[in-house]
Amino acid sequence: METPVIVAIDGPSGTGKSSTSKAVAAKLGLSYLDTGAQYRAMTWWMLSNGIDVDNAAEVATAADKPTIVSGTDPSAPTITVDGTDAAGPIRTQEVTAAVSAVSAVPEVRARLVELQRSAAAAAPNGIVVEGRDIGTTVLPDATVKIFLTASAQARAARRNGELNGKEAADLAATQAALVKRDAADSGRKTSPLAKADDAIEVDTTDLTLDQVIECIVTLIEEKRAAR
Ligand SMILES: Nc1ncnc2c1ncn2[C@@H]1O[C@H](COP(=O)(O)OP(=O)(O)OP(=O)(O)O)[C@@H](O)[C@H]1O
Ligand SMILES: Nc1ccn([C@H]2C[C@H](O)[C@@H](COP(=O)(O)O)O2)c(=O)n1
């Protein structure tokens with residue numbers, strides 16, 4: 001049996017980590033884990049349970065309370081909190097605005113990193129894990145490490161494109177919010193958003209999603225062939 005392949009995909013928000021990771025995992029028959037969804041799930045639980053998310057001590061004390069379960073099928077990823085489907089609620093503006101503060105708390109990270117390593121160890125053929133610290137901290141021995149980037153303008157335009165004209169999209173405000181969240185995620189003390197020394201950087205600004213997927217599939221296949 002072939003050794004499972006472990007792929008770490010990190011990068012700032014809106015660089016295409018989720019779309020790319022899901023597609024790459026599906027193409028190669030691997031499992032898929034969205035670690036950002038787990039930090040969002042923890043944040044949603046904190047907000048729903050009256051925890052002051054700006055009080056790190058309060059967040060730390062509560063960090064072991066919610067039961068967060070991620071489904072790792074790339075064609076239908078799921079996330080539940082205490083048995084309730086959280087896929088919708090974790091994407092609200094309220095959660096997005098609070099998630100950087102919650103994810104900066106070391107007790108939150110310790111709890112979720114444990115879940116992430118267990119998911120990687122349990123994946124039969126291997127897994128694509130996406131986030132901010134996968135290559136540096138969660139899975140430092142990953143077979144392939146990718147760090148996706150894209151200009152702030154391109155990322156803001158992609159995010160506004162998701163609205164499909166449903167809301168008046170203010171590109172400058174979207175861009176400012178992305179840049180602010182990246183600064184908080186890069187600036188925290190415990191495993192900040194960072195490129196691992198041995199990660200391959202892929203700038204997706206001028207690439208289509210299909211081109212990025214193809215590029216990463218090729219990088220993984222090259223690594224597999226060289227083992
Ligand atoms: N190369 C690309 N070209 C154009 N659009 C893209 C590209 N990659 C991703 N997108 C689009 O950009 C948006 C953001 O992508 P995605 O959610 O995958 O990014 P992300 O890095 O996972 O973001 P976050 O960290 O905020 O969860 C989506 O609408 C996606 O379809
Ligand atoms: N490995 C990770 C993944 C995510 N986070 C934090 C920082 C992000 O702003 C937030 C939401 O992630 P997204 O859904 O935008 O991918 O979660 C982290 O600290 N470490």
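Both counts, for ligands and for their atoms, begin at 1 and track the order of listing.
Residue R91 places a heavy atom under 4.0 Å from ligand 2. Residue contacts with ligand 1: R155 is excluded, as none of its non-hydrogen atoms falls under 4.0 Å. Not close to ligand 1: Q211, with no non-hydrogen atom less than 4.0 angstrom away. Heavy atoms of G14 come nearer than 4.0 angstrom to ligand 1 in at least one pair. In this structure, R40 has no heavy atom closer than 4.0 Å to ligand 1.
The main-chain N or O of A123 is never found under 3.5 Å from a side-chain atom of S31 such that the two would form a donor-acceptor pair. Of the possible polar contacts, none joining the R181 side chain to the A184 backbone as a donor-acceptor pair under 3.5 Å is found. Side-chain N or O atoms of T205 include one that pairs as donor or acceptor with a backbone N or O of S151 at under 3.5 Å. For the pair T174 (side chain) and N160 (backbone), a donor-acceptor distance under 3.5 Å is absent. Judged by distance alone, with hydrogens and angles left aside, the side-chain atoms of K17 form a donor-acceptor pair with the main-chain N or O of P12 at under 3.5 Å.
Here the heavy atom of the protein found nearest to atom 15 (O) of ligand 2 is R181 NH1, 2.9 Å. Atom 12 (O) of ligand 1 has its closest protein heavy atom at R158 CB, 3.2 Å. When hydrogens are left out, the protein atom nearest atom 20 (N) of ligand 2 is R109 NH2, 3.0 Å; that is the closest non-hydrogen contact. Counting protein heavy atoms only, atom 17 (O) of ligand 1 is closest to R159 NH2, 3.6 Å. Looking only at heavy atoms of the protein, atom 9 (O) of ligand 2 is closest to D185 OD2, 2.7 Å. Counting protein heavy atoms only, atom 12 (O) of ligand 2 is closest to G36 CA, 3.4 Å. The shortest contact between atom 17 (O) of ligand 2 and any protein heavy atom is with Y39 CB, 3.5 Å. Of all protein heavy atoms, the one lying nearest to atom 3 (C) of ligand 2 is T35 OG1, 3.3 Å. Of the protein's non-hydrogen atoms, the one nearest atom 6 (C) of ligand 2 is S103 OG, 3.6 Å.
Taking only nitrogen or oxygen atoms, main chain and side chain alike, K17 does not reach within less than 3.5 Å of ligand 2. Looking at ligand 1, you won't find any N or O of S13 less than 3.5 Å from one of its N or O atoms. On a distance-only criterion, D34 and ligand 2 share no N/O pair closer than 3.5 Å. Looking at S13 next to ligand 2, no N or O pair under 3.5 Å apart turns up. Residue contacts with ligand 1: T20 is placed with no nitrogen or oxygen under 3.5 Å of a nitrogen or oxygen of the ligand (distance criterion only).
D210 and T208 share no donor-acceptor pair across their side chains, judged by distance under 3.5 Å alone. Looking at T137 and R132, their side chains never bring a donor and an acceptor atom within 3.5 Å of each other. For the residue pair S18 and E130, a side-chain donor N or O sits within less than 3.5 Å of a side-chain acceptor on the partner. Between the side chains of D85 and T80, no donor-acceptor pair of N or O atoms lies under 3.5 Å. Side-chain atoms of D73 and S75 include a donor-acceptor pair closer than 3.5 Å. Side-chain contact annotation: D182 with S13, donor-acceptor N/O pair under 3.5 Å present. R40 and T96 form a side-chain donor-acceptor contact under 3.5 Å, judged by distance and modelled atom types alone.
Residue contacts with ligand 2 for Q116 are absent, since no atom lies close enough (heavy atoms, distance under 4.0 Å). Contacts of E130 with ligand 2, taken as heavy-atom pairs under 4.0 Å, are absent altogether. Neither the backbone nor the side chain of Q38 has any atom closer than 4.0 Å to an atom of ligand 2 (non-hydrogen atoms only). The proximity of R132 to ligand 2, defined as any non-hydrogen pair under 4.0 Å, involves the side chain as well as the backbone. Using a 4.0 Å cut-off between heavy atoms, K17 contacts ligand 1 through both its backbone and its side chain.
Ligand 1 places these atoms under 4.0 Å from at least one heavy atom of L207: 1 (N), 2 (C), 3 (N). Against a heavy-atom cut-off of under 4.0 Å, G131 is close to the following atoms of ligand 2: 1 (N), 3 (C). Short contacts between ligand 1 and R132, defined as distances under 4.0 Å to a heavy atom of the residue, involve ligand atoms 25 (O). With ligand atoms numbered from 1 in the order given, ligand 1 contributes 8 (N), 9 (C), 15 (O), 16 (P), 18 (O), 19 (O), 20 (P), 21 (O) to contacts under 4.0 Å with heavy atoms of G16. Below 4.0 Å from some heavy atom of S19 lie the following atoms of ligand 1, by number and element: 9 (C), 15 (O), 16 (P), 18 (O), 30 (C), 31 (O). Interface atoms of ligand 2 facing D133, defined by a heavy-atom separation under 4.0 Å, are 1 (N), 2 (C), 20 (N). Atom numbering of ligand 1 starts at 1 in the shown order; those under 4.0 Å from a heavy atom of L209 are 1 (N), 2 (C), 3 (N), 8 (N). Set against the non-hydrogen atoms of R40, the atoms of ligand 2 under 4.0 Å away are 11 (C), 13 (P), 14 (O), 15 (O). Here is the list of ligand 1 atoms found below 4.0 Å of a heavy atom in S18: 18 (O), 20 (P), 22 (O). Distances below 4.0 Å separate heavy atoms of R181 from the following atoms of ligand 1: 26 (O).
Considering each of K22, E130, E162, the one bringing a non-hydrogen atom nearest atom 28 (C) of ligand 1 is E162.
Between R224 and E221 there is no salt bridge, since no side-chain nitrogen of the basic residue lies less than 4.0 Å from a carboxylate oxygen of the acidic one. Ion pairing between a basic and an acidic side chain is recognised when a charged N comes within 4.0 Å of a carboxylate O; K27 and E214 show such pairing. Looking at D198 and K145, a side-chain N of the basic residue comes within less than 4.0 Å of a carboxylate O on the acidic one, giving a salt bridge. Salt bridge R109/D133: present, at least one basic N to carboxylate O contact under 4.0 Å.
A heavy-atom distance below 4.5 Å is found between the side chains of I146 and L219. At a threshold of 4.5 Å between non-hydrogen side-chain atoms, the residues V95 and P89 do not count as touching. Between D10 and L148 the shortest side-chain heavy-atom distance does not fall below 4.5 Å.
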Candidate pair Q175 and R155, rule side chain to side chain contact (heavy atoms under 4.5 Å, CB included), full reasoning: CA-CA 7 Å; Q175 187 172 322; R155 295 186 285 128; over 6 Å; no
